[in-house]
Number of protein chains: 2
Amino acid sequence: MEKKQNTLFVGALAKGLKLLRAFDESHTDLSLSDLVQRTGLDKSAVQRLANTLHVEGMLDKDPVTRRFRPSHAWLQMAYAYYWSDPLIARAMPRLIELSQHLGETVNLAELSGDHIVYVTRLPCKRTQFAATLPGRRLPAISTAAGRVILSTFGRDEWEQAARTGPLISMTPRTMLDRADIEALIEKAAGEGYSVSRDQMILNEIAVAAPIRGMDGRAVGAVQCSISAHTWDEDSIATQIVPLLQDTANSISPGAFRS
Amino acid sequence: MEKKQNTLFVGALAKGLKLLRAFDESHTDLSLSDLVQRTGLDKSAVQRLANTLHVEGMLDKDPVTRRFRPSHAWLQMAYAYYWSDPLIARAMPRLIELSQHLGETVNLAELSGDHIVYVTRLPCKRTQFAATLPGRRLPAISTAAGRVILSTFGRDEWEQAARTGPLISMTPRTMLDRADIEALIEKAAGEGYSVSRDQMILNEIAVAAPIRGMDGRAVGAVQCSISAHTWDEDSIATQIVPLLQDTANSISPGAFRS
DNA sequence: GGTGTCTGTATTGCATTATGATACAGATCG
DNA sequence: CGATCTGTATCATAATGCAATACAGACACC
């Protein structure tokens, strides 16, 4: 491990965080040696760090299998986050209203580097498990929400995002051509919303509208996930998009060019 | 700070976690000196630890105010938690179904020490902001969910909980008499569900049913929050309780005495 | 039922690393 | 324009986290 910085960087803390990050959707509970493998740290170090995290209540330890698991503290962190992000309190009541009106799943997304994060999710229909969980990250340019957000940033910025942003194929139809993606962002900039099909889940359509800050740049997006079996292009344009945009605008602090 | 343990306890990591815990609903963004105050740590230590957390992406830093805020990583931790807790994947589809059937807010709660944690929330109506956020902790014995869970643990355990568990007054009607609370738990044990009124929010009624593990002890509870204006005792008993219990039972791994 | 190889746990001496005092700088205030 | 807050940077000291050990229990494999 290369020293990141000196004197104001606490390596031991960084290593501890590395342990926490070793847990993800496909690594839900880890033994001591799993942690050693995943972090690349020394066995002794992992032993001490994991023990500390356990004592401090950040990791649960199964007394029989001796495996570590995320504790409820991980949810409390999210709780603290929700209070710290001023968008949430503004958005929540409107999102609830929207989801009840539409009877469809509604999400709040924010940009985080070159990914989007689903901050709040209000699932109304059965769907893929991952699609019901807040905190999920997806490559920004692969999602309707990411593209509408980028579309408010101006051509230079979205061009760069479209050309350098990460792309992973989730379905056989995931769009991987960066020029096509750039065109979609441009389209979103003109229309004020974006639609995607079959990108993350087959037969799933996502529609997203930007929540603009005072300067016109999006601070997030309201997104709606619907089934391609029950909605077609027309019904989306007439029944979903207007409500979605109204909701997004009502969340925006300043009212800008509608 | 007293040394907690020796040789397998990493103090620097523990202090870092202390910084993270300094953020909560009423402390959403903290300056360096705020952190010093809240943690009781040395200024230099906080400086280094906060910087580390920032570099590692756990804290966002406002470039102008220099204040720290929880980052999106805090949500990712919740995401990892959701995958690690086997109850979530089982419960989610059923909770969605239930919330759509009832048209009312449905929550999944788990016991965490002497508190309950709302793990998943599916708000269907406008309500208090805090009541829409997962990760919220409440004193177990003050909530319907906590009481049904405890009621499955046997008299000895629930007695102790009722007598020693934390209690805070959230509304003028919050029940503070431990004997009354114990009686409610006993009632819940007999009926297989629990109801509470005006405990956390005025005019709010909570109904909860236990999700039992293979051994009969509850591993969580399905809870429903409704308005006292639209529901009365009878309609709750006939329309809510059965559905709630069915849902809870369908989530339970083993089928026990219904 | 031994023998080998996995685990997770405990101990110890050494030097790396975190420490906290200090000094500097940029605000905001009176 | 001093005074007092901030946040930032530097540095010598020793305390603290380190990694090499050795130990113990579980499992599997002849």
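Just so you know, these numbers use all the heavy atoms, side chains as well, and skip hydrogens, waters and symmetry mates. Letters A, B, ... mirror the listed sequences (proteins, then strands); counts begin at 1.
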*Would you indicate whether the side-chain heavy atoms of Leu75(A) and Tyr82(B) approach each other to under 4.5 Å?*
yes
*Any idea which heavy atoms bring Phe9(A) and Arg48(B) closest together, and the distance?*
N-CG, 4.4 Å
*Is a salt bridge present between Glu182(A) and Arg163(A), judged by a nitrogen-to-oxygen distance below 4.0 Å?*
yes
*Candidate nucleotides dC18(D), dT19(C), dG8(C), ranked by approach to the side chain of Val10(B) - the nearest*: dC18(D)
*Atom CG of Asp34(B) and atom C1' of dG7(D): how far apart are they, to the nearest Å?*
12 Å
*Distance, rounded to the nearest Å, where Lys15(A) contributes NZ and dT16(D) contributes C1'*: 12 Å
*Ser33(A) near the nucleic acid: base, sugar-phosphate alone, or nothing, with a heavy-atom cut-off under 4.0 Å?*
sugar-phosphate
*Using the P atom as the reference point in each nucleotide, state the distance between dT16(C) and dT12(C) in Å, no decimals.*
22 Å
*Provide, to the nearest angstrom, the distance between the CG atom belonging to Leu35(A) and the P atom belonging to dT9(C).*
12 Å
*Atom-pair distance (CG on Asp62(A); C1' on dT7(C)), nearest Å*: 15 Å
*Taking the six-membered ring where the residue is Trp, are the ring centres of Phe129(A) and Trp83(B) under 6.0 Å apart?*
yes
*For Leu13(B) and dT16(D), give me the distance from atom CG to atom P, rounded to whole Å.*
15 Å
*Between the side-chain atoms of Ser44(B) and the base atoms of dA21(C), is any donor-acceptor pair under 3.5 Å?*
yes
*Expressed in angstrom and rounded to an integer, what is the separation of Arg48(B) atom CZ from dG17(D) atom C1'?*
14 Å
*Can you find an N or O donor on one side and an acceptor on the other, under 3.5 Å apart, linking the side chain of Lys43(B) with the base of dG20(C)?*
no
*Starting at atom CG of Leu32(B), determine the distance to atom P of dT8(D), rounded to an integer number of angstrom.*
7 Å
*Between P of dT9(C) and CG of Asn51(A), the distance in whole Å*: 8 Å
_hbond_proxy Arg67(B) side chain to dG7(D) base (donor-acceptor, 3.5 Å cutoff)_ = no
_Closest to side chain of Gln47(B), choosing from dG17(D), dG20(C), dA9(D)_ = dA9(D)
*Has Ser31(B) got a side-chain N or O lying under 4.0 Å from the OP1 or OP2 atom of dG7(D)?*
yes
